[in-house]
Amino acid sequence: MTVGLAISELVAAVDRPVGDAAGLPNRAYTGTEFFRLELERIFAPSWACLGHAADVPRAGDVRPARLLGVPLFMLRAPGGRVRVFHNVCSHRGNELVWEPGRVKGAIRCPYHAWTYDLDGRLTGTPNLGGIGVHRVQGFDCGARDLREVRCARWLDLVFVNLSGDAMPFEDWIAPLATRFEGLGGTGFEDRLHPAATHGEFSFDVRANWKLAVENNLDASHLPWIHPSLNRQSPLEDHYCFLDQDGFAGQGSSAYDTVPHESAPLPRVEAWPARTGEYPCLYPNVFVSGHADHFWTMVLEPVAPDRTIERWRNYFFDGAARDAGFESARSRIRERWAAILGEDVTVVEGMQRGRSSPAFGGGVFAPVLDRPVHHFHRWVARRLAAGEPPARAANAG
């Protein structure tokens, strides 16, 4: 029996109507077999989020990144575009970029000083033909250029398609972009900028990446895990939504904008004042939209039981940089760091629970767990089929 067929049997119970379905098996959260297949069947064929363009703000800035262990790096090209390359030298396979920094004109391998320009072209091969002989007749530098990864940008998020054959990015992102435009109007995102201060934090979570996604899709834990938030934005004021295939999320109709002592934060006037929406764009990024700020959370799966969560905050117009809004930026960061920090404990608890033979994937509450089931089914179909199917006609 092939690995793919065995997994197909394991996840068959997931791909049923929500009230009849079971969750993914424990192996999907603890096993290296699943983790390897997730790279091959979920992340590589999809548009997966690698990071934030704000991490490489100037031409020549580089930043290493990993996608389920695959070493990559982001580069801000001289023309301003963010590009992504495989982070490996074509000579002896050493990682080229070890830490964030800035390069001036060339990327040099720290091992033997093979050199690549900012378009990824191999331009220097020291001592290739012996000491002091840097060129060899018949050696094709062009065949050893860096391998560029297909990438795209939306808001400040950088997405990659490792396999190179995903649907056009514009088509893939359209359902979520259209949903946000329906709230904020066309072009509101042009006013959105990364916070210059108090704009980021990260968590190192001892849990599988899928549990972080599931938790973000789950509103029903608010009274128990987030009692303070639930007093401000009660569970009864929450709702859920499902895309046909690419995302699901929850929203609140009782979000409170952050007060400011001298002037309110700039906001999108068309956006309903008390509406907050929190979709998870599959496979690995959360986007949180409000009338006065946005935030994103990129998940980096490191191991079956370890995930890095990288949070970044955004404001409209001058609120992102102006000193007069410093305290508002600080308060919003502290607020979300506290709320999302509360989730870490329970997500790690679910990971520990996946070691129990008494747990068989769990069940789904037919109403409030619809987004979580939607995600389980999205994962299951890809693991079983080996390739992303066309967008489903019915989210169920």
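FYI, side chains are in, hydrogens and waters are out, and symmetry mates aren't considered; it's all heavy atoms of this structure. For the single chain, residues carry numbers from 1 onward in sequence order.
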Is the shortest side-chain heavy-atom distance between [X] and [Y] below 4.5 Å?
{"X": "R150", "Y": "W47", "answer": "yes"}
{"X": "L75", "Y": "V84", "answer": "no"}
{"X": "V287", "Y": "F247", "answer": "no"}
{"X": "T30", "Y": "P304", "answer": "no"}
{"X": "F375", "Y": "P283", "answer": "no"}
{"X": "V367", "Y": "V18", "answer": "no"}
{"X": "V302", "Y": "E300", "answer": "yes"}
{"X": "P78", "Y": "L118", "answer": "yes"}

Step through it carefully: locate the ring centre of [X], locate the ring centre of [Y], and say whether they are under 6.0 Å apart.
{"X": "F315", "Y": "H198", "value": "no"}
{"X": "Y255", "Y": "H238", "value": "no"}
{"X": "W336", "Y": "W295", "value": "yes"}
{"X": "F73", "Y": "H86", "value": "no"}
{"X": "W209", "Y": "F35", "value": "no"}

Which residues pass the side chain to side chain contact (heavy atoms under 4.5 Å, CB included) test with [X], not counting sequence neighbours?
{"X": "N216", "result": "C280, F286"}
{"X": "D156", "result": "H52, A53, A54, R153, P194, R312, Y314"}
{"X": "H193", "result": "A320, R321"}

Query raised in the report: Is the cationic atom of R27 (NZ for Lys, CZ for Arg) positioned less than 6.0 Å from the six-membered ring centroid of F34 and within 45 degrees of its normal?
Result: no

Review point. Would R179 count as a cation-pi partner of F241, with NZ or CZ less than 6.0 Å from the six-membered ring centre and within 45° of the ring normal?
Key: yes

Between [X] and [Y], is there a donor-acceptor pair closer than 3.5 Å when you use the side chain of the first and the backbone of the second?
{"X": "D218", "Y": "S220", "result": "yes"}
{"X": "D237", "Y": "S253", "result": "no"}
{"X": "R267", "Y": "D292", "result": "no"}
{"X": "N26", "Y": "S356", "result": "yes"}
{"X": "S327", "Y": "F325", "result": "no"}
{"X": "N161", "Y": "S46", "result": "yes"}
{"X": "S252", "Y": "G276", "result": "no"}

Between R76 and D61, does a salt bridge (charged side-chain N to carboxylate O under 4.0 Å, His left out) hold up when you go through it step by step?
-> CA-CA 5 Å; R76 178 74 70 167; D61 284 348; over 6 Å; no

For the student: nearest non-hydrogen atoms of [X] and [Y], plus distance:
{"X": "S233", "Y": "L222", "answer": "O-CD2, 3.7 Å"}
{"X": "H293", "Y": "F316", "answer": "N-CE1, 3.8 Å"}
{"X": "E214", "Y": "V372", "answer": "O-CG2, 3.7 Å"}
{"X": "A328", "Y": "L265", "answer": "CB-CD2, 4.0 Å"}
{"X": "P17", "Y": "H373", "answer": "C-CE1, 4.1 Å"}
{"X": "L24", "Y": "A380", "answer": "CD2-CB, 4.2 Å"}

Could you tell me how the ring of [X] sits relative to the ring of [Y]: parallel (under 30°), tilted (30 to 60°) or perpendicular (over 60°)?
{"X": "F294", "Y": "W271", "result": "perpendicular"}
{"X": "W172", "Y": "F159", "result": "perpendicular"}
{"X": "H91", "Y": "W114", "result": "parallel"}

Examine [X] and [Y] and state if one hydrophobic cluster contains both, with Ile, Leu, Val, Met, Phe, Trp and Tyr joined whenever side-chain heavy atoms are less than 4.5 Å apart.
{"X": "I225", "Y": "L235", "result": "no"}
{"X": "F203", "Y": "M350", "result": "yes"}
{"X": "V88", "Y": "V149", "result": "no"}

What's the separation between atom [atom1] in [X] and atom [atom2] in [Y], rounded to the nearest 0.5 Å?
{"X": "F188", "Y": "R191", "atom1": "CZ", "atom2": "CZ", "answer": "10.0 Å"}
{"X": "R377", "Y": "D15", "atom1": "CZ", "atom2": "CG", "answer": "5.5 Å"}
{"X": "I42", "Y": "L383", "atom1": "CD1", "atom2": "CG", "answer": "4.0 Å"}
{"X": "C49", "Y": "L157", "atom1": "SG", "atom2": "CG", "answer": "4.5 Å"}

For the residue pair [X] and [Y], confirm or rule out a side-chain donor-acceptor distance under 3.5 Å.
{"X": "H226", "Y": "D343", "result": "yes"}
{"X": "R310", "Y": "S202", "result": "no"}
{"X": "Q351", "Y": "R306", "result": "no"}
{"X": "E277", "Y": "Y239", "result": "yes"}

Quiz item: Would H374 and F364 satisfy ring-ring contact (aromatic ring centres under 6.0 Å, His included), going step by step from the backbone distance to the final call?
Solution: CA-CA 10 Å; H374 183 273; F364 300 100; over 10 Å; no

Residues V213, N284; criterion side chain to side chain contact (heavy atoms under 4.5 Å, CB included); working and verdict: CA-CA 7 Å; V213 173; N284 69 322; 5.9 Å; no

key: Residue pair H290, Y278: steps toward the side chain to side chain contact (heavy atoms under 4.5 Å, CB included) verdict   = CA-CA 9 Å; H290 312 88; Y278 313 95; 3.0 Å; yes

Would you say E236 has more than 12 foreign heavy atoms packed within less than 6.0 Å of its CD?
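It does: E236 CD has more than 12 such atoms within range.
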
| Heavy atoms from other residues, nucleotides or ligands near CZ of R108 exceed 12 (cutoff 6.0 Å) |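 Open.
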
Should [X] and [Y] count as an ion pair when the cut-off is N to O under 4.0 Å?
{"X": "R331", "Y": "E334", "result": "no"}
{"X": "D145", "Y": "R121", "result": "no"}
{"X": "D245", "Y": "R382", "result": "yes"}

* Let me see the working for L299 and I308 under side chain to side chain contact (heavy atoms under 4.5 Å, CB included), right down to the final yes or no. => CA-CA 6 Å; L299 306 180; I308 306 296; over 6 Å; no

Assess the residue pair K210 and E38 against the criterion (salt bridge (charged side-chain N to carboxylate O under 4.0 Å, His left out)); give the C-alpha distance rounded to whole Å, side-chain angles, the decisive distance to 0.1 Å, and a yes or no.
CA-CA 11 Å; K210 295 186 293 299; E38 284 170 349; 2.5 Å; yes

Stepwise salt bridge (charged side-chain N to carboxylate O under 4.0 Å, His left out) test for R83 and D119: CA-CA 9 Å; R83 303 175 70 177; D119 289 317; 2.6 Å; yes

